[in-house]
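Note that the coordinates shown come from a computational prediction; the quantities given were computed from them, not determined experimentally. As the structure lists them, so they are numbered: ligands from 1, and atoms in each ligand from 1.
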Amino acid sequence: MTGDDRHGDHRHGHGRPGEDRHAAGPGAAEHGTGAGHGSASGHRSVPEHRARLSALLAHLAAREPVTVSLEEAQGAALAEDLVAPGSLPRFDNSQMDGFAVSSADFDRPPSTPSGASTPSAASTAFTVAAAIAAGDTPEALAPGHAAPIMTGAMLPEGADAVVPVEQAHPRAYPGPGERVELPAAEPGTFVRRAGSDVEGGAVVLRAGTVLGPRQLGLAAGLGIGRVRVRPRLSVAVVSTGAELAEPGDGLAPGQIHDANTALLAAALREAGITARTVAVRTDDPAVLLGELGSLTAGSGRPDAVITTGGVSQGAFEATKLALGGRDVEFAHLAMQPGGPQGLGTFNGTPLIAFPGNPVSCWISWEILLRPVLSALLGAPAPRRRLRVPLAEPLSSPQGRLQVRRARLLPDGRAELVGGPGSHLLGALAASDALVLVPEDVTHLPAGADVEVWLT
Ligand SMILES: Nc1nc2c(c(=O)[nH]1)N[C@H]1C(S)=C(S)[C@@H](COP(=O)(O)OP(=O)(O)OC[C@H]3O[C@@H](n4cnc5c(N)ncnc54)[C@H](O)[C@@H]3O)O[C@H]1N2
Ligand code: MOO
């Protein structure tokens with residue numbers, strides 16, 4: 001992780017109260033419509049918080065699409081339908097290394113030229129024509145002839161079937177004019193018909209499709225080198241906390257290594273988002289304000305800022321202290337982990353405040369922000385959601401959506417990994433799924449069906 005660590009650069013001139021020009025951002029006052037949408041626990045519900053995130057980021061859906069190379073397009077969502085300029089396969093071609101023949105020739109009585117061995121009743125003797133390699137433009141096949149043909153090579157006019165070389169006698173490619181015996185083949189045998197995969201002119205990918213390896217392979221196979229996509233988001237991750245040290249550096253007593261920067265930046269990049277990172281290794285709100293001020297100034301500012309840490313009830317909550325009273329609101333969600341959250345704007349840039357515990361960060365991204373981005377922008381693609389039986393019983397706090405880390409077992413059951421604690425990085429790394437336990441559920445027996453998101 002090459003974090004842009006500007007700790008120690010105390011530029012207090014930026015982002016002080018009164019310097020924060022954020023007229024466009026949806027401030028706390030505009031979020032006052034949530035009454036009645038809270039959870040039974042009195043905390044804000046997850047759908048309500050998602051709706052606020054969606055309103056905060058809605059303008060990002062209106063950005064002009066861009067035309068980019070396939071390499072640059074990975075992870076982006078198509079801005080328009082992708083239409084096949086031609087067919088796949090482009091032309092009738094061979095699926096096997098063997099001999100191109102006309103199936104009609106098998107109907108003729110076997111020919112036994114003088115000096116040739118008598119073919120078996122099941123095969124027919126052919127005169128060998130010129131061999132056809134992939135990339136060749138073959139000559140038409142004359143009746144009674146079989147052309148050695150390689151996989152992918154264009155079928156010659158007059159041929160409608162291919163016999164693999166393994167079935168030929170001799171099991172080889174005799175020279176032109178020599179003889180080869182082949183067993184009968186139906187029309188179309190081992191022939192890959194033009195357009196049998198994709199028809200020219202067809203819509204092959206719908207607007208909004210996220211471009212991964214398979215989609216990019218299709219575009220390339222169709223000869224499409226550049227695609228029109230929704231522009232990539234750029235997000236800055238600002239981790240905060242006086243206890244944080246750079247991974248790789250030594251620790252003073254009481255310090256811990258910063259996991260959130262690497263975790264969130266990787267999550268963003270995996271989602272096709274450009275991520276930059278800033279570590280604010282102090283609980284001084286003025287330093288955080290300075291960093292946020294310089295981050296959100298100028299044309300290079302990100303589309304959004306995510307902060308981690310400093311949003312709970314402690315005495316040194318830098319994020320809350322720095323941003324409280326500005327256009328950022330703080331709330332406690334009916335979710336665990338990931339309860340304390342903030343959102344709003346700083347200098348007009350959307351700002352989302354995640355809690356500091358690493359698992360809380362991950363859950364906040366997976367359960368709150370990622371689904372909002374999927375719905376608004378198409379990318380990243382939504383996580384796959386399944387209902388599967390639990391491998392073991394669990395209990396969950398009343399009035400909270402509890403999100404547990406789990407592994408999907410080969411038999412299709414979800415096995416919990418670690419407990420519910422939001423500091424359990426080891427268990428998080430061993431998981432490949434999230435189990436969502438609804439707010440009103442406090443106990444589930446083994447075998448109960450649960451909602452699982454594959455991560
Ligand atoms: N009295 C209360 N205390 C707490 C409450 C509460 O409601 N009342 N909520 C708890 C919950 S739930 C969470 S989640 C955390 C949220 O705390 P903050 O967002 O203020 O985060 P911090 O206090 O800065 O850190 C919490 C925890 O995470 C560690 N941390 C922080 N940043 C990183 C990082 N970049 N890499 C690794 N670990 C990090 C930090 O050292 C703390 O252990 O508050 C509870 N408390
Ligand atoms: O809401 Mo916190 O994320 O449980 O530890």
Side-chain angles (χ1 to χ4, degrees), residues 1 3-5 7 39 41-46 49 236-249 251-268 275 277-285 287-288 291 305-324 328-343 351-369 395-405 418-429 434 436-437 439:
M1 176 63 45
D4 175 10
D5 175 17
H7 169 47
S39 85
S41 63
H43 295 316
R44 179 184 291 169
S45 73
V46 166
H49 195 73
V237 174
V238 180
S239 61
T240 69
E243 73 276 36
L244 301 180
E246 173 86 11
D249 286 357
L251 293 176
Q255 277 196 316
I256 61 164
H257 286 121
D258 175 2
N260 293 352
T261 301
L263 177 71
L264 270 185
L268 294 169
T277 63
V278 180
V280 179
R281 300 196 181 109
T282 160
D283 288 336
D284 182 350
V287 177
L288 176 58
E291 291 295 355
V305 174
I306 302 175
T307 62
T308 84
V311 297
S312 194
Q313 306 295 324
F316 314 104
E317 307 289 20
T319 311
K320 232 176 179 176
L321 290 170
L323 302 176
V328 178
E329 53 145 2
F330 293 92
H332 204 104
L333 267 55
M335 177 168 89
Q336 194 279 319
Q341 297 284 339
L343 90 180
L351 183 143
I352 299 157
F354 284 169
N357 280 307
V359 178
S360 308
C361 272
W362 172 254
I363 302 287
S364 302
W365 157 250
E366 286 291 336
I367 302 291
L368 301 173
L369 183 54
S395 55
S396 173
Q398 169 66 37
R400 297 271 197 289
L401 170 74
Q402 196 189 43
V403 187
R404 296 288 295 270
R405 281 66 69 203
S422 50
H423 60 294
L424 301 171
L425 264 174
L428 178 66
L434 296 173
L436 279 71
V437 188
E439 282 184 36

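For atom 1 (N) of ligand 1, the nearest protein heavy atom (residue, atom name, distance) is Gln313 CB, 3.8 Å. For atom 3 (O) of ligand 2, the closest non-hydrogen atom on the protein side is Ser360 OG, 2.3 Å. From the protein, the heavy atom lying nearest to atom 23 (O) of ligand 1 is Glu317 OE1, 4.0 Å. Protein heavy atom closest to atom 40 (C) of ligand 1, with residue, atom name and distance, is Glu243 OE2, 3.1 Å. Ser422 OG, 2.2 Å is the protein heavy atom nearest to atom 5 (O) of ligand 2. For atom 38 (N) of ligand 1, the closest non-hydrogen atom on the protein side is Ile256 CD1, 3.3 Å.
Ligand 1 places these atoms under 4.0 Å from at least one heavy atom of Pro355: 14 (S), 16 (C), 19 (O). Close contacts of ligand 2 with Pro337, meaning ligand atoms under 4.0 Å from a residue heavy atom, involve 1 (O), 3 (O), 4 (O). Listed by number with element, the atoms of ligand 1 under 4.0 angstrom from any heavy atom of Val311 are 18 (P), 19 (O), 20 (O). Of all the atoms in ligand 1, the ones that sit under 4.0 Å from a non-hydrogen atom of His257 are 36 (N), 37 (C). Close contacts between ligand 2 and Gly338 involve ligand atoms 1 (O), 2 (Mo), 3 (O) [criterion: under 4.0 Å to a heavy atom]. Each of the following atoms of ligand 1 lies closer than 4.0 Å to a heavy atom of Pro358: 37 (C), 38 (N). Heavy-atom contacts of Gln336 reach the following atoms of ligand 2: 4 (O) (cutoff under 4.0 Å). If you number the atoms of ligand 2 from 1 as listed, the ones under 4.0 Å from a heavy atom of Asn357 come out as 5 (O). Within ligand 2, counting atoms from 1 as listed, the ones closer than 4.0 Å to a heavy atom of Pro340 are 1 (O). Taking every heavy atom of Gly339 and a limit of under 4.0 angstrom, the matching atoms of ligand 2 come to 1 (O), 3 (O).
Between the Asp258 side chain and the Thr261 main chain, a donor and an acceptor come within less than 3.5 Å of each other. With hydrogens and angles ignored, the 3.5 Å screen pairs no side-chain donor or acceptor of His332 with any backbone N or O of Ser312. Using a distance-only test at 3.5 Å, with no hydrogens or angles considered, a donor-acceptor pair links the side chain of Thr319 to the main chain of Gly309. Between the side chain of Arg44 and the main chain of Gly42, no donor-acceptor pair closer than 3.5 Å is present. In this structure, Gln341 contributes its side chain and Ser364 its backbone to no donor-acceptor pair below 3.5 Å.
Inter-residue side-chain proximity for Ile352 and Leu368 is flagged as unmet; no heavy-atom pair is nearer than 4.5 Å. Looking at heavy atoms from C-beta onward, Gln313 lies out of side-chain contact with Pro340 at the 4.5 angstrom threshold. Residues Arg405 and Leu434 have side chains in contact (heavy-atom distance under 4.5 Å, counting atoms from C-beta outward). Taking 4.5 Å as the limit, some side-chain heavy atom of Ile306 sits within range of a side-chain heavy atom of Leu369. Considering only heavy atoms from C-beta on, Trp365 stays 4.5 Å or farther from Leu263 through its side chain. Val278 places none of its side-chain heavy atoms less than 4.5 Å from the side chain of Val237.
Residue contacts with ligand 1 do not include Lys320, since none of its heavy atoms lies under 4.0 Å from the ligand.
Under 4.0 angstrom from ligand 1, the non-hydrogen atoms of Ser360 all belong to its side chain. If you look at Leu244 next to ligand 1, the close heavy atoms, those under 4.0 Å, all belong to the side chain.
For Asp258, a nitrogen or oxygen atom sits less than 3.5 Å from a nitrogen or oxygen atom of ligand 1, counting backbone and side chain alike. Residue contacts with ligand 1: His332 is placed with no nitrogen or oxygen under 3.5 Å of a nitrogen or oxygen of the ligand (distance criterion only).
Evaluated by nearest non-hydrogen atom to atom 32 (N) of ligand 1, the leading choice among Gly356, Ala259, Ser422 is Gly356. Here atom 24 (O) of ligand 1 lies nearest to Gly310 when heavy atoms of Gly241, Gly310, Ser312 are compared. Relative to atom 13 (C) of ligand 1, the option among Leu425, Leu333, Val359, Asn357 with the closest non-hydrogen atom is Asn357. For atom 33 (C) of ligand 1, the nearest non-hydrogen atom from the set Asn260, Thr319, Leu263 belongs to Asn260. For atom 12 (S) of ligand 1, the candidate residues are Gly309, Pro247, Gly314, Pro340; the nearest heavy-atom contact is made by Pro340.
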Step-by-step side-chain contact (heavy atoms from CB on, under 4.5 Å) determination, His43 to Met335
CA-CA 9 Å; His43 295 316; Met335 177 168 89; over 6 Å; no
Please test Val238 against Val280 for side-chain contact (heavy atoms from CB on, under 4.5 Å), starting from the C-alpha separation and ending with a verdict.
CA-CA 7 Å; Val238 180; Val280 179; 3.7 Å; yes
Go through Arg404 and Ser396 one step at a time and tell me if the side-chain contact (heavy atoms from CB on, under 4.5 Å) criterion holds.
CA-CA 9 Å; Arg404 296 288 295 270; Ser396 173; over 6 Å; no
Would you check, one step at a time, whether the test side-chain contact (heavy atoms from CB on, under 4.5 Å) holds for Asp283 with Thr240?
CA-CA 7 Å; Asp283 288 336; Thr240 69; 5.7 Å; no
